[in-house]
There are 2 protein chains.
Amino acid sequence: MSSGYVTLGQVAEAAGVSLATASRVLNGSTSTRQVGEELRERVTSSARALGYLPNASAQSLARNSSSLVGLVVHDIADPYFSSVAAGVTQMVEEHGLVLVLGTTDRAPGKESTILAALRSHRAKAVVLVGSRSTDAESTEQLTREIEMFRQQGGRVACVSQPVLPADTVCPDNHAGAAELARRLIEQGHRKFALLAGPNNLSTARERMDGFHSALATAGLEPDHQDVMHGDFTRDGGYASTERLMKLGTEATCLFAVNDVMATGAIAALRDLGVQVPGQLSVAGFDDIPTLRDLTPSLTTVRLPLEQMGRQAAELVLGEEEHDEPRLIDVHGEVLIRESTRPPT
Amino acid sequence: MSSGYVTLGQVAEAAGVSLATASRVLNGSTSTRQVGEELRERVTSSARALGYLPNASAQSLARNSSSLVGLVVHDIADPYFSSVAAGVTQMVEEHGLVLVLGTTDRAPGKESTILAALRSHRAKAVVLVGSRSTDAESTEQLTREIEMFRQQGGRVACVSQPVLPADTVCPDNHAGAAELARRLIEQGHRKFALLAGPNNLSTARERMDGFHSALATAGLEPDHQDVMHGDFTRDGGYASTERLMKLGTEATCLFAVNDVMATGAIAALRDLGVQVPGQLSVAGFDDIPTLRDLTPSLTTVRLPLEQMGRQAAELVLGEEEHDEPRLIDVHGEVLIRESTRPPT
DNA sequence: GTTAATGTGGGAAACGATTTCCCATCACGA
DNA sequence: TCGTGATGGGAAATCGTTTCCCACATTAAC
């Protein structure tokens, strides 16, 4: 008591039963095994009396599986990730499991490191969020790591990473961006500037491609559009926009491939004295909840971020063990708001 | 190999040494024990060759301590918490440890549950973030749980929870709010409306008290100010503001005790057709990074959220074991921006 | 009235590491 | 040559649970 730990042995002793019996009782009846009503009562009551708390490490060791579930994101302060994380967290706790959060800081090898740690802890499952750079070497390493994780009985799901061999919840970036482009063209825009993010990120690339393909369909020459690459962050958007404006552009509408960059773009334009949407329209992608109160409100493509997190978690926490990877397609809804308007 | 696991025993066998020696090598020499250079080499190389990954559960069991560090927040999607979380995460990973994230959803008993789970996992430390309701019963239970956590060798730090018996990183809410009030009075405001949040939350209460005390000092009657209580969320701020305006107020400035509520307030005012700051000034508290691009930009009190997270983590991950709780006071910097201006 | 089937409980071997003893071996000085 | 340390390495206990397997009843079946 003084030193802190109450073991199952002590509970068993106090209840006058064997270790095995005590374990059986506390595990909520191991399958078909029955334990007498009276003994069951004796065990539970002395467990409660002693304040017994099972040693999770010992359980994991014996069962060769823990109650840990991993979640890997690039940056938890980024509202995109924290929204998805909220969904994942919710489901994980609902299942009575414990969430382990790993952040990569967008460093290439970090995911593998985190996955190894989860493997070492015998984690039940892991949810990988966010498109990664398509760097061949680290992708290969990650794939290997995922394979090992699976072999150890762990389950893997991804959000927005269609490349990886695992269950995936993925927004239809291409269609969403294309639809957005159509709507903007409908508004009268003909010349666009694109804040494209890092060009080796699948998400960024898909959104750009979708946008471009809609332009092509409308008979507009994608090649004539200005494209700026930069960080997927608010500051990245700010910097890219500054660069863009310094270079000069004829665009009447700026499409940032995510809301966070669009926010940076609007800030940059304000600092440069460019009216939004008066002189330049701005559109984003994601519909980040925290950014919904921006003025002007962002025209964007709404993604159910939290729900995507929940779905991904369900994919790995659910009963059924599928053998081939499942893909949940998420539809994005175009929202035309104040930040875009027909060009003058 | 096929079934997935490589144990230390296999590594030892491959290297032709005993389990003990292999362990000593891989633990980086247990204190004074030396292992021959040649053997050391043989062990590490066959560990690498076999792809040995220590079983964290087994290690925890043997050492009676794991590499897990807990972080408890109310809601990870709330940018206040995700900012602090980013700081904590950073330090935890820097120390080569693994972060466990628990969220309470603002439910009273949840923290204790999470703490018990961490105890069960023999977590090294835990950081508790966010003021809790001053509900006597659950506070007592939490205090007990913290005490047990400590007895098991775990360390505890809090952010913004000055009540609890543990190392704490706490903003000086009173002083910050008071300073803000002074600056607003300086601008010419005399009549304020307060969005106070839940009135049993220490943070909300302190900020309100600080604000009020500055008013009193300035010879203004705090009692004459309008006060609205409500959720600490964006929607809570929105709802409270609607109520406030419906009731009517003579205030020229609205102080929301956090930025998230202030954002809701501005949204509500916009929907009601009230100009900010033209007809009504609005001020917040925290300086949430994601909300810095709001228009009008928020007058607020800047808190170094991420740094606070880092400091809390350091408190509990650092070398020295202090016996009496330390308190790190965080100063908030008043930022007068666009959302407030002298009343007309 | 034996035998089989069933239901209950305990004993003891895992699980995979760490760590404490204890035993070789070797070198060195007396 | 014989202690006497020092040094490197192995055997085994230990951590707290789970679980396989066996023993003993009690009852059912033939």
Side-chain angles (χ1 to χ4, degrees), chain A residues 3-44 47 50-67 117 119-123 152-153, chain B residues 1 3-44 46-47 50-68 119-123 152-153:
Chain A
S3 179
Y5 304 106
V6 178
T7 71
L8 187 55
Q10 295 173 28
V11 172
E13 191 179 6
V17 302
S18 78
L19 213 55
T21 304
S23 174
R24 281 192 280 256
V25 171
L26 267 22
N27 281 346
S29 78
T30 312
S31 55
T32 48
R33 279 307 290 261
Q34 308 256 6
V35 178
E37 192 49 49
E38 190 232 1
L39 279 199
R40 154 167 265 104
E41 175 56 37
R42 247 174 36 216
V43 172
T44 55
L50 268 57
Y52 171 67
L53 185 68
N55 181 324
S57 304
Q59 288 186 317
S60 304
L61 179 58
R63 295 187 180 142
N64 193 28
S65 160
S66 73
S67 58
R119 211 146 55 77
S120 153
H121 281 275
R122 299 293 184 266
Q152 301 195 354
Chain B
M1 199 58 179
S3 179
Y5 304 107
V6 178
T7 72
L8 187 55
Q10 295 172 28
V11 173
E13 191 178 6
V17 302
S18 79
L19 213 56
T21 302
S23 174
R24 281 193 277 255
V25 170
L26 266 23
N27 280 347
S29 79
T30 312
S31 56
T32 48
R33 282 307 290 262
Q34 308 257 4
V35 179
E37 191 50 46
E38 188 232 3
L39 279 198
R40 155 167 263 103
E41 175 55 36
R42 251 180 25 223
V43 171
T44 54
S46 53
L50 268 57
Y52 170 67
L53 186 69
N55 181 324
S57 305
Q59 287 185 318
S60 304
L61 180 58
R63 297 188 177 140
N64 193 28
S65 161
S66 73
S67 58
L68 266 33
R119 211 147 54 78
S120 153
H121 281 275
R122 299 293 185 267
Q152 299 196 354

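Below, chain A is the first sequence line, B the second, and so on; all start at residue 1.
Although no hydrogens or angles enter the test, the distance criterion places no donor-acceptor pair under 3.5 Å between the side chain of B:Ser120 and the main chain of A:Leu53. Panel note: side chain A:Arg42, backbone A:Ala15; a donor-acceptor pair is recorded below 3.5 Å. Remark: the backbone N or O of B:Ser60 is not paired with any side-chain donor or acceptor of B:Ser66 at under 3.5 angstrom.
A:Ser57 approaches B:His121 most closely through the heavy-atom pair OG-O, 4.2 Å. Taking each heavy atom of B:Tyr5 and A:Arg122 in turn, the nearest pair found is CD2-NH2, 3.0 Å.
Contact of the A:Leu39 side chain with the A:Val25 side chain is not registered, since no non-hydrogen atoms from C-beta on lie closer than 4.5 Å. By the 4.5 Å heavy-atom criterion applied to side chains, B:Asn55 and B:Thr7 are not counted as neighbours. Put simply, the side chain of A:Asn27 reaches to within 4.5 Å of the side chain of A:Ser23, judged on heavy atoms.
In this structure, B:Gln152 atom CD and D:dC15 atom P are separated by 16 Å, rounded to whole Å. Here D:dT17 presents its C1' atom at 14 Å from NE2 of B:His121, a figure rounded to the nearest Å. Rounded to whole Å, the distance from CG on A:Leu26 to C1' on D:dT18 is 12 Å. Rounding to whole angstrom units, CZ of residue A:Arg42 and C1' of C:dG9 are separated by 11 Å. Atom CD in A:Glu13 sits about 13 Å away from atom P in C:dG10, given to the nearest Å.
In this structure, the helix from C:dG1-D:dC30 to C:dA30-D:dT1 shows an angle of 60° between the axis at its start and the axis at its end, each fitted on 5 base pairs and rounded to 10°.
Between B:Thr21 and D:dG10, a side-chain N or O to OP1/OP2 separation shorter than 4.0 Å is present.
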Between the protein and nucleotides 15-17 of chain C, which nitrogen or oxygen pairs come in under 3.5 angstrom?
residue, atom, partner, partner atom, Å
C:dA17, OP1, B:Tyr52, OH, 2.8
C:dA17, OP1, B:Asn55, N, 3.1
C:dA17, OP2, B:Leu8, N, 2.3

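With hydrogens and angles ignored, a donor-acceptor pair closer than 3.5 Å exists between the side chain of B:Arg24 and the base of D:dG10.
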